[in-house]
Novice: 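Sharing a structure with you now.
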2 protein chains.
Amino acid sequence: MKRILMALLLAGSCFAQPAPDCKPSSLNIPGALYPCVYPDRRVAFRVLAPTAQKVQVRLGGAHDLTRGDDGLWTGTIPPQVIGFHYYTLSIDGAVVSDPATRTFFGSGWDNSALEIPEDDSGYYSAKDVPHGEVRQRWYLSKVTGKWRRCYVYTPPDYDSAKRSRYPVLYLLHGWGENEQGWHSQGHVDLIMDNLIAENKAKPMIIVMDNLNAVKPGEDASLFAARSIIARRSLADVPPPIGAPPRPGTTPAAAPARSPFGANFGAVFTEMLMTDLIPMVERTYRVLPGRENRAMAGLSMGGMQSFVTVLGNLDKFAYLGGFSGSSGGRGGFDPKTSNNGVFADAAAFNKKMKVLFLGIGSVEGPGTKTFSEALTKAGIRNVYFESPGTAHEWLTWRRCFNDFAPRLFR
Amino acid sequence: MKRILMALLLAGSCFAQPAPDCKPSSLNIPGALYPCVYPDRRVAFRVLAPTAQKVQVRLGGAHDLTRGDDGLWTGTIPPQVIGFHYYTLSIDGAVVSDPATRTFFGSGWDNSALEIPEDDSGYYSAKDVPHGEVRQRWYLSKVTGKWRRCYVYTPPDYDSAKRSRYPVLYLLHGWGENEQGWHSQGHVDLIMDNLIAENKAKPMIIVMDNLNAVKPGEDASLFAARSIIARRSLADVPPPIGAPPRPGTTPAAAPARSPFGANFGAVFTEMLMTDLIPMVERTYRVLPGRENRAMAGLSMGGMQSFVTVLGNLDKFAYLGGFSGSSGGRGGFDPKTSNNGVFADAAAFNKKMKVLFLGIGSVEGPGTKTFSEALTKAGIRNVYFESPGTAHEWLTWRRCFNDFAPRLFR
């Protein structure tokens, strides 16, 4: 009897603890036990919202949490694919980040996120190997008329090998993210440290900039305005139907320069050529010439990389698109696509040392189809498929881990 | 009549726009018009929460917002003091960050924040001067048994002046913040760039580490667990009154090592001496010796700096406490406080090149009283008071801007 009473007492005192096999997500704030991830990849959430009527976790679909007498809303969602997932809470219709997690800039604002760990995460973990640095660098852009910030990975021996010069990879984030994504969400510095330590990749400089670039006077929030948060709930609530456009605004459906329109990426490319590359080559000990210059990006950053590199083969010899390239947009025609750059396959292959296409297996067949079309047209390319991952950072960590060793050989 | 109709139409189409003299806070996400700040320092907020019963802004006190038919909650709060203010939203009792702002790690989680600008913010703005870098640096700590991350500011000429060596300032954040605070919230890099460009401060290296340091096996969330979010709503909801402590936990009132107890700062100091300083002096081109080493911090980081430096005068010659020092804790006695380090004023003054005490004028008289007590005891010190600011980052930016020029002279 005494033992039963004790068990009841302990059970009662444990009401708010997760099950022992539910491990806090690695992206939680210090001390937060929820969200936690079960071995079968179900995820348990807990949110304090004493007087709310409805609390949901929005991850893929919307998942209702259940209110307890203590004002805590709890729930467990079905197994998720491995990887890094942005998610939000909806609290009586307010879309907010979960205060239990660190936030990560995505979709134009600071989202909460959770990590469903993969079995072998060693390649992006801190190990006892020499570590490089990620350096915050300010520079003034002539093209945009604004101060810009980029981050620059320098390899472990950069400061000690004072006479060495290094090739450079320009590496871009995706839509709604920023120049912090690759080291904050992507752990690119740790991946690179580990590759270099194992002698799998050449030491290189990696420049991570912000995709957003507009001319002075243009709307700087063109990209940001597509954010669900900035557009729907905060900045730009649409006027009532039939009302005239607001003074001083252009109708949302036809911005002056659509981020995905015919001119996609033109200002960024101009900024890269005019401001960023010269600043990098003036500031860091880089090797000159196209064969020491690579560009890659994820999703919209992959699209940007294809636009920039395919239009400037005299400047770049390596190109990577992770879950984003120029494929699938209006069909691929080797004779005419990208201004005919693929028309002479032999000439293209001679210039392009590595053309890399990566994708998560859960994302669909578009990238594979594009790779096959390129191959059929005689264009040498690498197709990399990340097993079991979606359009998220685990796919892109794996893409990078496969791509980086191929560079500058 | 036509003019009136047009005015009405325009007014109607503007319903969701802030007043023209209400400027979006500089900390907003791209494109977000709210929160916005009026010239008289009132602040207007807007939150989409269609089915909520009660929405409040928590900044100082709680301020109710008012629901509109469109599900948007709006409100304007009274004039705020200038500076950087963390704040939260309460949505039907759920304490969350406002999705309209970038988030900043404070109180143990990623808070929303707004900036009430001061008239002359030039000293922490990006100007067309040479810029240094803020470098992310990983290192393995023997004392804590864990990988740690610090950020290292290197001055503009660090890479080009290959033979120069620099003095080092160790600079600490406050309670609930982390190693990103000084450059993210504090703009320390821009302040330093500007001081160096005007020849007001000596080029120096600034090392920004994380205050949290515990021995292997100790509770790593000792500091974090004091977070309102982690403690009350997420990680550690107290068991019902009278219930026994949860298995595997120590009662909250008596942790094994209280962050503010008698041993305050001991593990951090040991980590600093054993791991951080040797790593910095091995990795960067630093000048050796106590006269090239300074330490300062804000709030709890100021307390830590006083504990570390006053216990190790053979290692440091400069000490700064911004809104935090060793004053006011149980009274000051020059003969016995800090193990009697102040007892021989002449000897102390000979060793300590600068003892700096800074505070915001809104914070109360404690620091001034401490400075006067030191002066009365013959201890040379600098008292700096930031006019009209509170316990927040504008006070600390100004403290730093006054402190840095005094170093390494």
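Just so we're on the same page: letters track the sequence lines, and every chain starts at 1.
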Novice: Quick check for you: to the nearest 0.5 Å, what is the distance between A:Ser25 atom OG and A:Tyr34 atom OH?
Specialist: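 Going from OG on A:Ser25 over to OH on A:Tyr34, the span is 14.0 Å.
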Novice: Considering only heavy atoms and a distance below 4.5 Å, find which of B:Arg137, B:Gln53, B:Lys162 pairs most often with chain A.
Specialist: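 Winner by heavy-atom pair count: B:Arg137.
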Novice: Give, as side chain, backbone, both or neither, the part of B:Tyr151 having an atom under 4.5 angstrom from any heavy atom of chain A.
Specialist: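 Neither the backbone nor the side chain of B:Tyr151 comes within 4.5 Å of chain A.
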Novice: Which residue out of B:Gly132, B:Ser160, B:Ala126 racks up the most heavy-atom pairs below 4.5 Å with chain A?
Specialist: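 Top count of heavy-atom pairs under 4.5 Å with chain A: B:Ala126.
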Novice: Determine, stepwise, if the pair B:Trp109 / A:Thr103 fulfils side-chain contact (heavy atoms from CB on, under 4.5 Å).
Specialist: CA-CA 9 Å; B:Trp109 66 298; A:Thr103 61; over 6 Å; no
Novice: So which residue, B:Asn28, B:Thr283, B:Thr51, ends up with the most heavy-atom pairs under 4.5 Å with chain A?
Specialist: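 Heavy-atom pairs under 4.5 Å are most numerous for B:Thr51.
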Novice: The test is side-chain contact (heavy atoms from CB on, under 4.5 Å); show your working for B:His183 and B:Met192 and say whether it passes.
Specialist: CA-CA 11 Å; B:His183 66 274; B:Met192 202 63 214; over 6 Å; no
Novice: Please identify, among A:Arg135, A:Lys54, A:Gln136, the residue contributing the most non-hydrogen atom pairs under 4.5 Å to chain B.
Specialist: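 So the answer, after comparing A:Arg135, A:Lys54, A:Gln136, is A:Arg135.
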Novice: With rounding to the nearest 0.5 Å, note down the distance linking OH in B:Tyr166 to CG in B:Asp157.
Specialist: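 That separation rounds to 3.5 Å.
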Novice: Measuring from A:Ser125:OG to A:His187:NE2, what's the distance to the nearest 0.5 Å?
Specialist: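 Reported to 0.5 Å precision, the distance equals 8.0 Å.
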Novice: So which part of B:Arg102 gets closer than 4.5 Å to some heavy atom of chain A, the side chain, the backbone, both or neither?
Specialist: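 Both parts, backbone and side chain.
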Novice: Check each of B:Thr88, B:Thr101, B:Asp98, B:Val96 against B:Asn111 using the side-chain contact (heavy atoms from CB on, under 4.5 Å) test, and report the only one that passes.
Specialist: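 Checked B:Thr88, B:Thr101, B:Asp98, B:Val96 against B:Asn111; only one passes side-chain contact (heavy atoms from CB on, under 4.5 Å): B:Thr88.
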Novice: Could you look at B:Leu89 and say if it's the side chain, the backbone, both or neither that has a heavy atom under 4.5 Å from chain A?
Specialist: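 No part of it gets close to chain A.
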Novice: Given heavy-atom pairs under 4.5 angstrom as the criterion, report whether the side chain, backbone, both or neither of A:Tyr139 touches chain B.
Specialist: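 For A:Tyr139, there is no contact with chain B at all, as no heavy atom is under 4.5 Å.
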Novice: Do A:Glu177 and A:Trp182 have side chains that approach each other closer than 4.5 Å (heavy atoms only, starting at C-beta)?
Specialist: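 No, too far: nothing below the 4.5 Å cut-off.
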Novice: Is B:Tyr153 close to chain A through its backbone or its side chain, or both, or neither, when contacts mean heavy atoms under 4.5 Å?
Specialist: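 B:Tyr153 has no heavy atom closer than 4.5 Å to chain A.
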Novice: With chain B, which of A:Asp193, A:Leu140, A:Asp189, A:Val152 has the greatest number of heavy-atom pairs at distances under 4.5 Å?
Specialist: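 Of A:Asp193, A:Leu140, A:Asp189, A:Val152, A:Asp189 has the most heavy-atom pairs under 4.5 Å with chain B.
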